[in-house]
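Here's the structure, in structure tokens; my notes come after.
Sequence positions, counted from 1, serve as the residue numbers for this chain. Since we're looking at a predicted model, the values are computed, not measured.
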Amino acid sequence: MLKQYFQQAWAQLRQQPLISVVNVTGTALAIFLIMLVVMVQQVQVEPFQPESNRDRFLHVRYSSIGNKAWGEGNTSNGPISVRSGKEMYKSLETPEAVTLYTIGTTATPVSLPNQPATAVDVKETDDDFWRVFDFAFTGGKPYDRATFDAGQPVAVITESVARLLFGTTEATGREFLLAHAPYRVCGVVRDVSTLATTAYAQVWIPYTSTDQASNTWNSDLMGMMSCTILAKSRDDFPAIRQECDRRMEAFNRVIGEEGWEFISRNRPYDQEKNAIAFAANFEPDLKAERRSRWVVYLILLIVPAINLSSMTQSRLRQRVSEIGVRRAFGSTRSELMGQILAENFIATLVAGIVGLLLSLVFAWCGDSFLFSQEYSMTLNPPTVDASILVHASTFGWALLFCFVLNLLSTGLPAWRASRMNIVEAIGGRLH
């Protein structure tokens with residue numbers, strides 16, 4: 001039966017080549033545009049190395065703090081300090097791991113002695129950073145708790161930085177200058193895409209090897225640190241948030257003696273909510289964001305569906321006699337409608353695959369502007385690879401949109417064709 005539908009769909013496409021080309025092109029363009037929108041959102045939430053655990057992440061990227069002396073509603077907003085991070089989040093017991101790290105990367109010169117320096121993106125982290133994120137080490141290993149507590153000047157670098165400095169990726173144990181201070185390479189990892197917005201850097205060092213802990217304001221409560229919590233399971237999210245609230249309340253009682261108070265705004269946020277959080281003093285409206293997304297999808301589906309519906313109606317007019325004969329030989333209305341839908345779905349699916357492939361190629365080649373961030377703290381443009389774009393969900397979305405587009409564009413013409421009067425149909429008349 002499926003083979004027969006394919007043969008009939010192919011025959012219909014060949015009978016009217018111009019209309020068929022326009023039909024396939026229109027459908028492919030619709031899927032192409034929709035998939036671009038999907039992928040721009042997808043790279044923010046889909047797991048890929050080194051953020052393979054995004055479905056278990058909770059983030060505290062920014063925080064808000066107020067003071068009685070400032071008056072109600074007036075807050076200071078931004079990253080937290082090491083002290084605040086330890087008091088409110090590092091002491092959590094429910095999660096699998098919690099890491100503190102500098103909110104962004106800092107362009108920092110690296111070089112060998114008596115050699116020209118080159119700026120690279122540096123992130124300062126704790127030792128738990130390597131438990132939360134799954135980097136692909138090609139040499140050495142990450143710094144451990146003892147090394148972190150001792151504040152030793154060690155670094156994990158990417159393969160690109162290793163080749164830049166030493167001409168090889170075999171760099172474990174070798175020394176280099178970072179901001180003119182000597183550091184030893186303890187590990188080498190594969191390059192990380194800037195689309196891994198939380199884990200990305202080119203060099204990672206312990207924040208205890210610098211004066212980052214004293215880089216604070218507002219009575220040592222705000223600083224340059226963010227926090228990511230790795231839950232054992234998404235089912236633990238409510239319990240983790242409740243524990244975070246308790247820790248914040250306890251810390252607020254301590255700092256409240258000086259008039260300070262941290263404001264939760266329902267933090268920490270999961271990966272999807274964190275991706276749309278653009279400011280510390282506003283809680284993102286996830287429901288509104290999802291509604292807007294679906295409105296965009298609907299518009300991108302309805303507009304081509306209206307045009308494709310007219311083409312489908314035109315093709316059915318040329319098949320009136322055939323439809324009448326089938327009805328005369330006992331085809332039921334449901335069988336006839338199902339066949340028309342199936343034939344058109346096959347054509348739509350072929351066009352959808354073309355549109356999906358076009359969107360993947362476009363995203364791959366146009367990554368520097370398609371995935372560019374409005375505010376970027378990195379030196380490098382975003383890069384994509386198959387592990388980021390090619391997910392089962394990508395093809396699932398494409399298939400869903402093809403199916404919906406087929407229903408929207410073919411449903412009414414197929415229903416009308418199935419309800420034709422047999423005598424009039426055999427005579428070639430379609431009302």
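In this structure, Lys273 pairs ionically with Glu283, as a charged nitrogen and a carboxylate oxygen lie closer than 4.0 Å. A salt bridge is absent between Glu249 and Arg246: the closest approach of a Lys/Arg side-chain nitrogen to an acidic carboxylate oxygen does not fall below 4.0 angstrom. Ionic pairing of Glu272 and Lys287 is not present here: no N-O contact between side-chain nitrogen and carboxylate oxygen is shorter than 4.0 angstrom.
Considering OG of Ser81 and CD of Glu87, their distance stands at 9.5 Å, rounded to 0.5 Å. With values rounded to the nearest 0.5 angstrom, Glu51 atom CD is found 5.0 Å from Thr197 atom OG1. If you take CG on Leu29 and OG on Ser359, they are separated by 11.5 Å, rounding to the nearest 0.5 Å. Atoms CG and CG, from Leu36 and Leu360 in turn, are 9.0 Å apart once rounded to the nearest 0.5 Å.
Inter-residue side-chain proximity for Ser63 and Arg265 is flagged as unmet; no heavy-atom pair is nearer than 4.5 Å. In this structure, Lys90 and Asp126 have side chains that are in contact, with non-hydrogen atoms separated by less than 4.5 Å. At least one side-chain heavy atom of Leu286 sits under 4.5 Å from a side-chain heavy atom of Ile276. Residues Pro79 and Met225 form no side-chain contact, since every pair of their non-hydrogen atoms from C-beta on lies 4.5 Å or further apart. Counting heavy atoms from C-beta on, the side chains of Arg174 and Arg184 never come closer than 4.5 Å. Side-chain contact between Phe48 and Leu195 is present, with at least one heavy-atom pair separated by less than 4.5 Å. With a 4.5 Å cut-off on side-chain heavy atoms, Arg247 and Tyr89 do not count as touching. Using a 4.5 Å heavy-atom cutoff, the side chains of Ile205 and Thr210 are in contact.
Using a 3.5 Å distance cut-off with no hydrogens or angles, the side chains of Asn215 and Gln212 do pair a donor with an acceptor. Between the side chains of Tyr143 and Thr125, at least one donor N or O sits under 3.5 Å from an acceptor N or O. Side-chain contact of Tyr101 with Thr198: a donor-acceptor pair under 3.5 Å is absent, judged by distance alone. Side-chain atoms of Ser226 and Tyr62 form no donor-acceptor pair, as typed in the model, at a separation below 3.5 Å.
Judged as a salt bridge (Lys or Arg N to Asp or Glu O under 4.0 Å), and not counting sequence neighbours, the contacts of Arg131 are Asp128. Taking Thr169 as the reference, nothing meets the side-chain hydrogen bond (donor to acceptor under 3.5 Å, both in side chains) condition, with sequence neighbours excluded. Under the rule for a side chain to side chain contact (heavy atoms under 4.5 Å, CB included), the partners of Val354 that lie at least two apart in sequence or sit in another chain are Ala28, Leu358. For Glu261, there are no salt bridge (Lys or Arg N to Asp or Glu O under 4.0 Å) partners at least two apart in sequence or on another chain. By the ring-ring contact (aromatic ring centres under 6.0 Å, His included) test, Phe148 is found to be paired with Tyr207, residues two or more places apart in sequence or in another chain being considered. The salt bridge (Lys or Arg N to Asp or Glu O under 4.0 Å) search around Glu170 returns none, not counting sequence neighbours. Among residues two or more places apart in sequence or in another chain, the side chain to side chain contact (heavy atoms under 4.5 Å, CB included) test is passed with Ser52 by Gln49, Asp134. Remark: Lys232 engages Glu96, Asp236 in a side chain to side chain contact (heavy atoms under 4.5 Å, CB included) (not counting sequence neighbours). Contacts of Asn77 classified as side-chain hydrogen bond (donor to acceptor under 3.5 Å, both in side chains), with partners at least two apart in sequence or in another chain: Ser64, Thr75. Judged as a side chain to side chain contact (heavy atoms under 4.5 Å, CB included), and not counting sequence neighbours, the contacts of Phe137 are Trp130, Phe135, Pro142, Val156, Val189. Arg291 meets the salt bridge (Lys or Arg N to Asp or Glu O under 4.0 Å) test with no other residue; sequence neighbours excluded.
Smallest separation of non-hydrogen atoms from Gly140 and Thr172: N-OG1, 3.4 Å.
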Apply side chain to side chain contact (heavy atoms under 4.5 Å, CB included) to Val98 and Ser91, showing your working.
CA-CA 8 Å; Val98 181; Ser91 57; over 6 Å; no

Check the pair Phe251 / Leu221 against side chain to side chain contact (heavy atoms under 4.5 Å, CB included), numbers first and verdict last.
CA-CA 11 Å; Phe251 191 44; Leu221 299 175; 3.8 Å; yes

What do the steps show when you test Asp270 against Leu58 for side chain to side chain contact (heavy atoms under 4.5 Å, CB included), and what is the final call?
CA-CA 5 Å; Asp270 64 13; Leu58 287 172; 4.1 Å; yes

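For Phe133 and Phe57, the ring centers sit closer than 6.0 Å to each other.
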Quiz: residues 157-165 side-chain donor-acceptor pairs under 3.5 angstrom, not counting sequence neighbours:
from	atom 1	to	atom 2	distance (Å)
Thr158	OG1	Val161	N	3.4
Glu159	OE2	Thr138	OG1	3.3
Ser160	OG	Asp191	OD1	3.2
Ser160	OG	Asp191	OD2	2.2

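Residue Thr228 forms a side chain to side chain donor-acceptor pair (under 3.5 Å) with just one option from Gln271, His59, Arg61, and that option is His59. Each of Val122, Val192, Asp121 was scored for a side chain to side chain contact (heavy atoms under 4.5 Å, CB included) with Gln202, with one residue passing: Asp121.
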